[in-house]
Colleague: 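My questions all concern the structure below.
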Amino acid sequence: MKVLTLNFLTCAVKTCKASNDSFPLHPKDAELAKDGVEINPQLLVNVLPRIDWTALRTTSTELGFPALPEQPPTAEDLTSDEKMLQELHTLLLETQMLEGKLVCGHCGHEYAVREGIANFLLPSHLV
Amino acid sequence: MLPTPDTSHVPYSRVYEPAEDSFLLLDTLSSASETSFLTSHFSPTTANPRPAAPLVLEVGPGSGIVLAFLTAHALTLFGSRTLLTLGIDANRFACAATASTAHKASTEHAATAALFLDAVQGDLATALRGAAADVLVFNPPYVPTEELPALLPPAAAGESGDGVASGWDEDSRLLALSYAGGRDGMETTDRLVAALPAVLSARGVAYILLCAQNKPEEVKERVRGFGAGWKAETVGSSGKQAGWERLQIVRVWRAGVTGI
Ligand SMILES: [Zn+2]
């Protein structure tokens with residue numbers, strides 16, 4: 001599962017939706033791998049405005065990557081800075097979480113990730 | 001006709017095999033009228049020259065044939081390759097199948113393909129961040145049945161849900177998840193329709209397949225009742241029987257919202 005995907009997913013428990021602590025989910029015991037994905041600068045520039053940057057900074061740090069700047073780069077920053085573009089591409093699209101858990105900061109539920117597939121089905125007592 | 005994605009690797013003993021409903025979705029989404037609607041809906045405007053990349057979500061992709069089609073032919077269907085696609089399916093085997101189908105199809109059509117993110121296991125869009133879906137496609141379990149299959153295998157129901165179950169019973173549970181719709185074939189679709197205002201972005205468009213027993217006119221009325229601007233129209237159909245369309249695709253969107 002890609003780091004960018006994590007930016008779109010939250011705890012599936014209904015009562016967690018209203019809480020700021022349910023997003024982003026926190027990776028635990030994460031086993032990472034790197035996939036080669038062809039870089040598409042235009043895509044990254046257009047993806048940028050729909051990323052929750054604060055959540056991405058948290059995820060990135062929790063996965064052991066160097067801290068991201070406090071503010072997201074602008075489209076102009078990205079198109080003129082090849083190194084930043086490449087780093088963001090590697091973080092968002094090439095880094096895969098293969099195994100581990102995703103933990104909700106509100107209810108504490110742990111979602112398992114196995115073979116790159118996260119499981120958000122809830123046990124019956126949480127539905 | 002755009003090429004149909006290869007699904008020859010999909011284990012059909014436990015994942016829904018593409019059928020008339022899947023092909024109706026392909027035909028409808030690649031029809032001249034829908035292509036032109038989607039292209040203009042998500043294209044840059046003078047007020048918004050750089051719209052954010054749309055997120056295309058398919059709920060219950062099964063073999064992945066529809067999501068792979070949308071991914072591989074994004075440039076033709078949406079007028080742009082800068083889209084993200086995501087699948088959420090309750091069946092873990094369907095998640096793996098969808099990822100393979102999408103990767104194969106986008107490698108084959110690299111020049112027109114959007115970016116496939118992942119297929120994750122989940123119940124409808126309950127794990128998606130609010131208002132994140134710009135395009136939502138749903139080929140639901142629409143067959144009227146006495147009961148709904150359990151979302152989790154019996155052994156795992158009390159735990160985290162990743163218990164490994166196998167055997168013939170488990171395979172039939174997984175297949176039933178893809179077609180068994182409970183009362184009026186609508187028990188699962190009702191939940192998704194009720195969640196649409198929270199799941200779709202302001203510019204979001206949903207395509208939902210319904211059969212005649214699902215009472216599609218009532219579903220459309222319910223969507224229009226969400227509030228001002230909500231639209232629901234039939235944009236594709238197949239299998240005319242005694243004047244009734246057996247299957248139809250309903251497009252749901254909010255009028256007057258394009259771009260961001
Ligand atoms: Zn939670």
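The model shown is predicted, which means the values in this text are computed figures rather than measured ones. Letters go in sequence order (proteins before strands), and every chain restarts at 1.
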Colleague: Quick check against the 3.5 Å criterion: does Lys17(A) have a side-chain atom that pairs as donor or acceptor with the backbone of Gly130(B)?
Modeller: no

Colleague: Thinking salt bridges, do Arg50(B) and Glu76(A) make one under a 4.0 Å N-O criterion?
Modeller: yes

Colleague: Would Leu117(B) and Met1(A) satisfy side chain to side chain contact (heavy atoms under 4.5 Å, CB included), going step by step from the backbone distance to the final call?
Modeller: CA-CA 8 Å; Leu117(B) 286 176; Met1(A) 182 168 60; over 6 Å; no

Colleague: Rounded at 0.5 Å granularity, tell me how far CG in Leu115(B) sits from CG in Leu92(A).
Modeller: 10.5 Å

Colleague: When heavy-atom pairs shorter than 4.5 Å are enumerated against chain B, which of Leu48(A), Leu44(A), Val13(A), Asn7(A) gives the highest number?
Modeller: Asn7(A)

Colleague: Which heavy atom of Phe23(A) sits nearest a heavy atom of Arg129(B), and at what distance?
Modeller: CZ-CD, 3.4 Å

Colleague: Non-hydrogen atoms of chain B under 4.5 Å away: do they reach the side chain of Phe8(A), the backbone, both or neither?
Modeller: both

Colleague: Going from OG1 on Thr10(A) to CG on Leu128(B), what distance comes out if it is rounded to the nearest 0.5 angstrom?
Modeller: 9.0 Å

Colleague: Tell me, yes or no, whether the heavy-atom count around Arg191(B) atom CZ, taken from other residues, nucleotides or ligands under 6.0 Å, exceeds 12.
Modeller: yes

Colleague: Do any pairs count as a side-chain hydrogen bond (donor to acceptor under 3.5 Å, both in side chains) and have a residue in residues 51-70 of chain A, sequence neighbours left out, and if so which ones?
Modeller: His26(A)-Glu62(A)

Colleague: I'd like to check Arg92(B) versus Arg114(A) (side-chain heavy atoms, cut-off strictly below 4.5 Å). Are they in contact?
Modeller: yes

Colleague: Quick check for you: to the nearest 0.5 Å, what is the distance between Glu115(A) atom CD and Cys95(B) atom SG?
Modeller: 12.0 Å

Colleague: Non-hydrogen contacts under 4.5 angstrom with chain B: give the residues of residues 77-90 of chain A involved, or none if there are none.
Modeller: none

Colleague: Quick check: do Arg50(A) and Leu55(B) have side-chain heavy atoms less than 4.5 Å from each other?
Modeller: yes

Colleague: Does any heavy atom of chain B fall under 4.5 Å from the side chain of Val127(A), the backbone, both, or neither of them?
Modeller: neither

Colleague: Measuring from atom CG of Leu152(B) to atom CG of Leu122(A), what distance do you get when rounded to the nearest 0.5 angstrom?
Modeller: 8.5 Å

Colleague: Nearest 0.5 angstrom please: Asn46(A) CG to Ser80(B) OG, how far?
Modeller: 7.0 Å

Colleague: Asp118(B) side chain to Ile117(A) main-chain N or O, any donor-acceptor pair under 3.5 Å?
Modeller: no

Colleague: What distance separates Leu121(A) CG from Gln121(B) CD, expressed to the nearest 0.5 Å?
Modeller: 4.5 Å

Colleague: So what's closer than 4.5 Å to chain A heavy atoms on Asp134(B): side chain, backbone, both or neither?
Modeller: side chain

Colleague: Considering only heavy atoms, which portion of Val45(A) lies under 4.5 Å from any heavy atom of chain B: side chain, backbone, both, or neither?
Modeller: side chain

Colleague: Give the member of Ala125(B), Ala127(B), Gly122(B) that has the highest number of heavy-atom pairs under 4.5 Å with chain A.
Modeller: Ala127(B)

Colleague: Between Val47(A) and Leu84(B), is a side chain to side chain contact (heavy atoms under 4.5 Å, CB included) present by the stated rule, with each step listed?
Modeller: CA-CA 8 Å; Val47(A) 160; Leu84(B) 304 169; 3.9 Å; yes

Colleague: Less than 4.5 Å to any heavy atom of chain A: does that hold for the side chain of Ala119(B), its backbone, both, or neither?
Modeller: backbone

